[in-house]
Novice: 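Structure below; questions to follow.
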Amino acid sequence: MSGNPTDALVGGAPVNGPAVSREEFDALFASVRTWGRWAAADRGAWNRVTAEHARRATAAVRDGTVVPLARPWDTRPGPDNPRPAQHYMSDLGDVQAPEPSVYKDFLGADYHGKGVTHLDALSHIAYRGRLYDGRAARESVDAAGARFGAVSALGALVTRGVLIDLPAALGVEWLEPGRAVHARDLLAAEEVLGVTVGDGDAVLLRSGAPRRRRELGPWNPDEASAGWHVHAVPLLAERAVALLGGDGDSDVRPSPVEGLHSPVHTLAVAAMGVPLLDNLDLERLSVACAAAGRYAFLLVVAPLDVPGGTGSPVNPVAVL
């Protein structure tokens, strides 16, 4: 079964809507904002995750199936990877003393994009000149890096992950690019999948984009991608989630908000203090969850400790 062609259009109109005005968006931003809630403000919603959350998530592991969630390091240019990652050999056994021979390589990436699995820290997004917690962006981030909301402030996250496998819930292989995911979709998926998003959870949205890419070829996800509509964010805020992630970048594209290219990034990071995982590959996790008959699992996210960094490449791991 392929993606449902009716996913792309409803009555001839793209299903990335409804359209949202900036006035409505600003009211929504104010309604989900958590500024001033935590003393360790640059950890944002990760403050919700306590040792008890980690203990419960670890205790729920049953068969020990381990599923890495990162995409392969992609050094090939394409419409969805205009700034490819770099990988080259820096030592082929001919640089150091002859015995033992040593082989070394270099990795580099402009990782905030669509080609590398990465974590967005709270210094990554500002709205109307303000980072999370109301910090002035120009005073907090400069050429030396971030002095507030850096990825180094986050540390590692160990909590319960929940896979919202929307194609599985709908009985399709993938969502078509441009398809918005609404609160009603989350509620319906919870019922079908037998899971409920709760406090401190990491919510991972599967659209099936990696499978679509493998079968139909790449496209430009800046122009069209499945993801959350801003109207779904209040429900996620009500559930007190700690992390959002997906096999896209969480935003539906084209954006339904006039003059704002990444409204879900803005609400999650700048208003709610919720870091984001972008560009996951959730296909193996989808298969593992279906086989196990459960869509909740232990999730471990360990970003690189980069002082001043606005995020980090990362390989999250799910354990069922």
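Values reported hereafter were calculated over all heavy atoms of this structure, with side chains retained and with hydrogens, waters and symmetry mates removed.
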Novice: Keeping Trp46 on the side-chain end and Ala242 on the backbone end, is there a donor-acceptor pair under 3.5 Å?
Specialist: yes
Novice: Once rounded to the nearest 0.5 Å, what's the spacing between atom NE2 of His231 and atom NE2 of His182?
Specialist: 8.5 Å
Novice: When rounded to the nearest 0.5 angstrom, what distance separates OG1 in Thr117 from CG in Asp281?
Specialist: 7.5 Å
Novice: Just checking, is any N or O donor in the side chain of Asp26 or Tyr127 under 3.5 Å from an acceptor N or O on the other one?
Specialist: yes
Novice: With a 3.5 Å distance limit and no angle check, can you tell me whether Ser312 reaches the backbone of Leu119 through a side-chain donor-acceptor pair?
Specialist: no
Novice: Would Val151 and Asp120 count as a side chain to side chain contact (heavy atoms under 4.5 Å, CB included) here? Give the steps.
Specialist: CA-CA 8 Å; Val151 69; Asp120 291 340; over 6 Å; no
Novice: Please list all pairs meeting side chain to side chain donor-acceptor pair (under 3.5 Å) that have one or both residues in residues 142-162, counting only residues at least two apart or in different chains.
Specialist: Asp142-Arg147, Arg160-Asp201
Novice: How would you list, by chain and number, every residue that makes a side chain to side chain donor-acceptor pair (under 3.5 Å) with Thr65, sequence neighbours excluded?
Specialist: Asp63
Novice: Under the criterion side chain to side chain contact (heavy atoms under 4.5 Å, CB included), I'd like the reasoning laid out for Leu277 against Leu243: C-alpha separation, chi angles, the key distance, then a yes or no.
Specialist: CA-CA 8 Å; Leu277 285 174; Leu243 176 68; 3.7 Å; yes
Novice: Could you measure the distance from the CG atom of Leu267 to the OG atom of Ser262? Nearest 0.5 Å is fine.
Specialist: 11.0 Å
Novice: Testing Asp278, Asn220, Asp222 one by one against Lys114 for a side chain to side chain donor-acceptor pair (under 3.5 Å), which residue passes?
Specialist: Asp222
Novice: Could you name each residue pair satisfying side chain to side chain donor-acceptor pair (under 3.5 Å) that touches residues 184-200, not counting sequence neighbours?
Specialist: His53-Asp199, Arg179-Asp185, Glu190-Arg239
Novice: Quick one, Trp174 with Leu216, criterion side chain to side chain contact (heavy atoms under 4.5 Å, CB included). Give me CA distance, side-chain angles, the key distance, then yes/no.
Specialist: CA-CA 11 Å; Trp174 56 70; Leu216 301 182; 3.7 Å; yes
Novice: Hey, could you give me the CG/CD distance between Asp94 and Gln96, rounded to the nearest 0.5 Å?
Specialist: 10.0 Å
Novice: With a 4.5 Å cut-off on side-chain heavy-atom distances among I, L, V, M, F, W and Y, is there a chain of contacts connecting Tyr111 to Leu280?
Specialist: no
Novice: Any carboxylate oxygen within less than 4.0 angstrom of a Lys/Arg side-chain nitrogen, looking at Arg135 and Glu139?
Specialist: no
Novice: Kindly say whether Pro254 contributes a backbone atom to a donor-acceptor pair with the side chain of Asn16 at under 3.5 angstrom?
Specialist: yes
Novice: Output, in order, the C-alpha distance, side-chain angles, deciding distance and verdict of side chain to side chain contact (heavy atoms under 4.5 Å, CB included) for Val269 and Leu276.
Specialist: CA-CA 7 Å; Val269 177; Leu276 297 177; 4.0 Å; yes
Novice: Tabulate below the donor-acceptor pairs under 3.5 Å that side-chain atoms of residues 286-303 make, not counting sequence neighbours, or state none.
Specialist:
unit_1, atom_1, unit_2, atom_2, d
Ser286, OG, Asp165, OD2, 2.5

Novice: Cluster question for you: counting only ILVMFWY and a side-chain heavy-atom cut-off of under 4.5 Å, with indirect links fine, are Leu235 and Val241 together?
Specialist: yes
Novice: Using a 3.5 Å distance criterion without hydrogens, assess whether the side chain of Asp251 forms a donor-acceptor pair with backbone atoms of Val264.
Specialist: yes
Novice: If we only count heavy atoms from C-beta on, is the Pro234 to Glu238 side-chain gap below 4.5 Å?
Specialist: no
Novice: Do Val66 and Leu163 belong together in a cluster built from hydrophobic side chains that touch within less than 4.5 Å?
Specialist: no
Novice: So does Pro68 get a backbone contact from the side chain of Arg284, meaning a donor-acceptor N/O pair under 3.5 Å?
Specialist: yes
Novice: State whether the side chain of His118 and the backbone N or O of Val116 hold a donor-acceptor pair below 3.5 Å, judged by distance alone.
Specialist: yes
Novice: Hydrogens and angles aside, do Thr310 and His112 bring a side-chain donor and acceptor to less than 3.5 Å of each other?
Specialist: yes
Novice: Please report the interatomic distance OH(Tyr103) to CG(Asp91), rounded to the nearest 0.5 Å.
Specialist: 8.5 Å
Novice: Are more than 12 heavy atoms, taken from residues, nucleotides or ligands other than Arg62, located less than 6.0 Å from that residue's CZ atom?
Specialist: no
Novice: When Ser207 is tested against each of Leu166, Leu175, Val181 for side chain to side chain contact (heavy atoms under 4.5 Å, CB included), which residue passes?
Specialist: Leu175
Novice: Less than 4.5 Å apart, side chain to side chain, heavy atoms only: is that true for Glu258 and Glu24?
Specialist: no
Novice: Could you tell me whether Arg253 and Glu223 have a side-chain N and a carboxylate O separated by less than 4.0 Å?
Specialist: no
Novice: Are side-chain heavy atoms of Val230 and Thr266 found at a separation under 4.5 Å?
Specialist: no
Novice: Less than 4.5 Å apart, any side-chain heavy atom of Leu204 and any of Ile164?
Specialist: no
Novice: Does a donor on one side chain sit under 3.5 Å from an acceptor on the other, for Tyr132 and Thr34?
Specialist: yes
Novice: Is Val319 reachable from Val195 through a run of I, L, V, M, F, W or Y residues, each pair having side-chain heavy atoms under 4.5 Å apart?
Specialist: no
Novice: Output yes when a side-chain donor or acceptor of Ser123 lies under 3.5 Å from a complementary backbone atom of Gly149, and no otherwise.
Specialist: yes
Novice: Applying a strict under-4.5 Å side-chain criterion to I, L, V, M, F, W and Y, I'd like to know whether Leu186 and Val20 cluster together.
Specialist: yes
Novice: Take atom CZ in Arg76; do more than 12 heavy atoms of anything else shown fall under 6.0 Å from it?
Specialist: no
Novice: Looking only at non-hydrogen atoms, find the nearest pair between Gly113 and Asn279 and report the distance.
Specialist: O-ND2, 2.8 Å
Novice: Verify, without hydrogens or angle tests, whether Ser140 (side chain) and Ala137 (backbone) share a donor-acceptor contact under 3.5 angstrom.
Specialist: no
Novice: Looking at Asn315 and Ala70, would you say the former's side chain and the latter's main chain have a donor-acceptor pair under 3.5 Å?
Specialist: yes
Novice: Could you state the interatomic distance from CG (Asn81) to CG (Asp74), rounded to the nearest 0.5 Å?
Specialist: 4.5 Å
Novice: Could you tell me whether the side chain of Trp73 and the main chain of His87 form a donor-acceptor pair under 3.5 Å?
Specialist: no
Novice: Do Trp228 and Leu236 come within less than 4.5 Å of each other through their side chains, counting heavy atoms only?
Specialist: yes
Novice: By salt bridge (Lys or Arg N to Asp or Glu O under 4.0 Å), which residues pair with Asp110, not counting sequence neighbours?
Specialist: Arg83
Novice: Does some side-chain heavy atom of Arg37 sit less than 4.5 Å from a side-chain heavy atom of Arg48?
Specialist: yes
Novice: Looking at Arg213, Arg212, Arg211, which one forms a salt bridge (Lys or Arg N to Asp or Glu O under 4.0 Å) with Glu215?
Specialist: Arg211
Novice: With sequence neighbours left out, write down each residue that passes salt bridge (Lys or Arg N to Asp or Glu O under 4.0 Å) with Arg138, or none if nothing qualifies.
Specialist: none
